[in-house]
Number of protein chains: 2
Amino acid sequence: MAGRAAEPEVIWARPERAGRGPKPAYSRRDIVDAAVRIADADGIDAVSMRRVAAELGCGTMSLYNYVPRKEDLYELMVDAVSGEYAFPEEPSGDWRADMTVIAHQSRAIMYRHPWLARVMTTAYAFSPNALRFLEWCLGCLVPLDVPPGLKMQLIAMVNGTVMATVANEQAIAERARGLPWSEAEEQAVRGAYLMGQVAGGRYPHLAGLLAEAPAAPVDADEIFDMTIARLLDSFAPPEDPLTAA
Amino acid sequence: MAGRAAEPEVIWARPERAGRGPKPAYSRRDIVDAAVRIADADGIDAVSMRRVAAELGCGTMSLYNYVPRKEDLYELMVDAVSGEYAFPEEPSGDWRADMTVIAHQSRAIMYRHPWLARVMTTAYAFSPNALRFLEWCLGCLVPLDVPPGLKMQLIAMVNGTVMATVANEQAIAERARGLPWSEAEEQAVRGAYLMGQVAGGRYPHLAGLLAEAPAAPVDADEIFDMTIARLLDSFAPPEDPLTAA
DNA sequence: CGTAGTTACGTACACCGTACGTAGTGCGGT
DNA sequence: ACCGCACTACGTACGGTGTACGTAACTACG
């Protein structure tokens, strides 16, 4: 009889392998890496157990010896790429600068793995690398003199904002995948509908806004920086200009 | 020959019905309402074309006369519940107050339809009710004297923050659905893992934080209010206290 | 040295979205 | 008036999904 009872468990606490039986042909990491490879190349929806098994060259059901459920595979994937954060030895002492760097790293990782932002909203957990991340953030925030709960709020908001921003950017591109027409056509049709509606006169403010800034090729990086800066500002005690120094 | 060519189109521009042939037994709205009902009751993953058809008492494929693709159904669902915003006749003139009300309404709708936050990150579009929402927000922001692009950023950030907050809250509950054990067991196991890791001594800052605020049953509503207020503060010109009045 | 636990993995089931074909219906044009 | 055709409803079928279960081979432990 294979398999184990469906008892509540967390993938991180489950030992990778036991000592009995034949030597496993793969490691949990092998499977996760293959899944990440597929998701990077063909999108998260292309990650099926059969596809991962094919990538590794093994039978589909063999994967279930390493990963009990597919959702766990998602958690493992998120944790794996969360290992890409590169933190220095020590926080710089400037919490604003440190948090800005963290936000940029998060964004970079989400660009490197365009499925991350979406999956994180579902499969976020206190994985090992998530704890490492949290610990680093808290270390950076030591100079910030606010209650602990507020620090967690700050981290959550920076994180959430980065995720929401990137997820929103990528939703359009991801949606185009598997559509019977191209992304350009999709955007053209949607843009045409928007313009048609706005031209109808029912949305004067929106019309005014679109008229004022007709073709504003705003720099996404710049907006991102501004957004994060604004967010951090909102946590800095306004009447204490020495805090950030 | 039924069906129509797979040309780029937007569901909002597609006419609901044409005049020929037999009278349709349902309306697009009927289908969307059924889908919303199912999603409210059993989660978004329970919304399948077969299930919706069963709810309506018609054949599965009949739905495709009303909705060309399932993804369009998602968009229609988001738009439908976006119709639940109740706006007064005119903005109050206090943009901070108005935006706070909007954020609260968004949150209430997302609680009423626990699938919304997740689906919106994928199926957000310039639907009719989204335009209505945007127009109302811009109307509220008329007293705020900043460039138009910044107003859009503000709206996007408030929206994104509400979504991220609620989605994060609901991810745990949604994840528990369809799990072979209960949500309480899930949380217990995850909490135990977290505590075990933190007790290991590798995460001193995190340990300190958890020790300081041991059982802090913080009020989610209060945190939400604070977060939104903070966000709005960050857009208010700091050296002009008259703006908000 | 048996045996129990583990590995690999083929088969099977329930479910999914949806392409396609068919039959019936009722409006528009002649 | 009536014919044709666009449109309706919908059954069947295909290729996909996650995964429960059974079987056979293998190895470390009592």
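Quick caveat, the model's predicted, so the values are computed rather than measured. To find a chain, count down the sequence lines: A is the first, B the second, and so on, and within it residues start at 1.
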Roughly how many Å is it from CE in B:Met61 to P in C:dA23, rounded to a whole number? 18 Å
For the side chain of B:Arg50, counting heavy atoms from C-beta on, which of D:dA13, C:dA8, D:dA28 is nearest? D:dA13
Rounded to whole angstrom units, what separation is found between the CE atom of B:Met49 and the P atom of D:dA13? 21 Å
Shortest non-hydrogen contact between B:Leu73 and B:Val67, atoms and distance: N-CG1, 3.7 Å
Over all strands shown, is B:Ser48 touching base, sugar-phosphate only, or nothing at heavy-atom distances under 4.0 angstrom? sugar-phosphate
Given B:Glu71, B:Arg69, B:Glu75, the one that forms side chain to side chain contact (heavy atoms under 4.5 Å, CB included) with B:Ile11: B:Glu75
Partners passing side chain to side chain donor-acceptor pair (under 3.5 Å) against A:Arg28 (at least two apart in sequence or in another chain): none
Flag this pair as yes if the NZ/CZ of B:Arg132 is under 6.0 angstrom from the six-membered ring centre of B:Tyr85 and inside a 45 degree cone about the axis; otherwise no. no
Name the closest nucleotide to the B:Pro22 side chain, picking from D:dT17, C:dA8, D:dC7. D:dC7
Looking only at side-chain N and O atoms, does A:Ser62 come under 4.0 Å of OP1 or OP2 in C:dC9? yes
Answer yes if the side chains of A:Asp79 and A:Ser127 hold a donor-acceptor pair under 3.5 Å, and no otherwise. yes
So with a 6.0 Å cut-off around CZ of B:Phe126, is the heavy-atom count from everything else above 12? no
Rounded to whole Å, the CD-C1' distance (A:Glu71 to D:dT19) equals 14 Å
Would you mind reading off the distance between A:Asp42 atom CG and D:dT17 atom P, rounded to a whole angstrom? 12 Å
Residue B:Tyr64, side-chain atoms from C-beta onward, closest of C:dA8, C:dG17, D:dA9: C:dG17
Interatomic distance, A:Asn65 CG vs D:dT23 P [rounded to whole Å]: 17 Å
Charged N to carboxylate O under 4.0 angstrom, A:Arg51 versus A:Asp42? yes
Considering every strand and a 4.0 Å limit on heavy-atom distances, what is the contact class for B:Val52: base, sugar-phosphate, or nothing? nothing
From CG of B:Asp45 across to C1' of D:dT19 the rounded distance in Å is 16 Å
NA contact type, A:Gly21, heavy-atom cut-off 4.0 Å: base, sugar-phosphate, or nothing? base
Quick one: does A:Asp30's side chain have a donor or acceptor within less than 3.5 Å of a partner on A:Ser27's backbone? yes
Using only modelled atom types and a 3.5 angstrom limit, is any donor from either the side chain of A:Arg51 or the base of D:dT17 paired with an acceptor on the other? no
Anything below 3.5 Å on both distances counts as a pair; with that, list the stems of at least three consecutive Watson-Crick or G-U pairs involving DNA chain D. C:1-30 with D:1-30
In whole angstrom, what separates B:Leu63's CG from D:dT8's C1'? 13 Å
Base, sugar-phosphate, or nothing: which does B:Ala25 touch, judged by heavy atoms less than 4.0 Å apart? sugar-phosphate
Shortest side-chain distance from A:Tyr66, nucleotide among D:dT12, D:dT19, C:dA8: C:dA8
Between atom CZ in B:Arg69 and atom C1' in C:dG17, what is the gap in whole Å? 12 Å
Of the nucleotides C:dA8, D:dT19, C:dT18, which has the atom closest to the A:Pro24 side chain? C:dA8
